[in-house]
Amino acid sequence: MKSSNITVNKLIAQVRSYYGEGCFACGQANPHGLRMEGFGVQDRYAVAEFKPRAEHRGTEGTLHGGVVTTTLDEISVWAAILTYQTMVVTGRLEVKFRRPGKVDDPNLWTRGRVEERRGKRLVISAQLLSGSTVCASSTGLFITTQTLEEMGILTPGD
C-alpha cells in the first residue's frame, strides 16, 4: 500500500467530491444508479455496501448479471484508489457467478484488493458477498490513468 498521511474517509470524500454524485455505480444522486455506499478499508480490502432495488433484477428476485458485474468493477476501481491513490480504467474483467444474488438481500457487500502491480497495470480481485457467502467473484486487469495528486484531488504531503 502506498503510504499517505490522509485518512481513508477523507480520501473517499475528496474523490467523491471531485467526481460528484452522478456515477452509475456509487453516485448517490443518480436516480438510475446502484448507489453503492459505505466505502472503506477492511483487512487490506476496499469494501462497500450494496443495497439493490427491484429495478436491479434479472429473473424474478435475482440480481441481473450486469448489475453484479458493475459492483465488482466499481469496488476494483476503489481498490486502486485506496491502495495506490490512482485512477484506473478496466482493461479486462473476468467474472465467475457462484450463486444468485437476491434483490431483497440486506447483507450484500463488495470487497476488492490489488493482487499485483506491474508498472501501469494492476491485477485486482473482487467479490460480491451475501454476509460471508460469495455470490460472484472477478479478476481484472486495470490500467492506471492519473494519480490523485496529478488530478489535484490530493496535494503533496496528503
Donor-acceptor pair, side chain of Ser76 and main chain of Leu72, under 3.5 angstrom: yes

Please tell me whether Gln28 and Arg35 have a donor and an acceptor in their side chains that are separated by less than 3.5 angstrom. no

- Query: Will you find, in the side chains of Glu115 and Ser125, an N or O donor that is under 3.5 Å from an N or O acceptor?
  - Reply: yes

- Would you check if the side chain of Thr62 reaches a backbone N or O of Gly58 as a donor-acceptor pair within less than 3.5 Å? no

Between Thr86 and Gln146, the two heavy atoms sitting closest are OG1-O, 3.2 Å

Considering only heavy atoms from C-beta outward, does the side chain of Val8 approach that of Ile12 to under 4.5 Å? yes

Output yes when a side-chain donor or acceptor of Arg92 lies under 3.5 Å from a complementary backbone atom of Glu94, and no otherwise.
-> no

Should Ile153 and Tyr84 be counted in the same cluster of Ile, Leu, Val, Met, Phe, Trp and Tyr side chains packed under 4.5 Å apart?
-> yes

Shared hydrophobic cluster for Leu34 and Phe97 (ILVMFWY, side-chain gaps under 4.5 Å)
yes

Looking only at heavy atoms, the pair that brings Leu63 and Val67 closest together is CD2-CG1, 4.5 Å

Sorted by chain and number, sequence neighbours left out, salt bridge (charged side-chain N to carboxylate O under 4.0 Å, His left out) with Arg16 holds for Glu21

For the pair Lys51 and Glu49, find out whether any cationic side-chain nitrogen is under 4.0 Å from an anionic carboxylate oxygen. yes

Margin query: What I want to check is whether the side chains of Ser130 and Asn107 have a donor and an acceptor closer together than 3.5 Å.
Written below: no

Next on the checklist: Between Arg99 and Thr133, do the side chains contain a donor N or O and an acceptor N or O under 3.5 Å apart?
Outcome noted: no

Scanning both residues in full, the closest heavy-atom pair of Leu93 with Gly140 reads CD1-CA, 4.0 Å

Between Val68 and Ala136, the two heavy atoms sitting closest are CG1-CB, 3.5 Å

* Begin from the C-alpha positions of Thr147 and Gln85 and carry the test side-chain contact (heavy atoms from CB on, under 4.5 Å) through to its verdict. => CA-CA 6 Å; Thr147 68; Gln85 297 173 357; over 6 Å; no

>> I'd like to know whether Val88 forms a side-chain contact (heavy atoms from CB on, under 4.5 Å) with Thr145, so could you lay out the CA-CA distance, the side-chain angles of the two residues, the decisive distance to 0.1 Å, and finally the verdict.
In response: CA-CA 5 Å; Val88 294; Thr145 56; 6.0 Å; no

### Query
Taking it one step at a time, do Thr110 and Tyr45 satisfy side-chain contact (heavy atoms from CB on, under 4.5 Å)?
CA-CA 9 Å; Thr110 58; Tyr45 283 91; over 6 Å; no

Heavy-atom closest pair (Trp109 atom, Gly131 atom, distance to 0.1 Å) is NE1-O, 2.6 Å

Cation-pi, Phe142 ring and Arg121 (6.0 angstrom, 45 degrees): no

Correct closest heavy-atom pair for Leu108 and Pro52 would be CD1-CG, 3.6 Å

Please walk me through it: do Val47 and Val41 pass side-chain contact (heavy atoms from CB on, under 4.5 Å)?
-> CA-CA 6 Å; Val47 297; Val41 175; over 6 Å; no

Please tell me if the side chains of Leu154 and Gln14 come closer than 4.5 Å, counting only heavy atoms from C-beta onward. yes

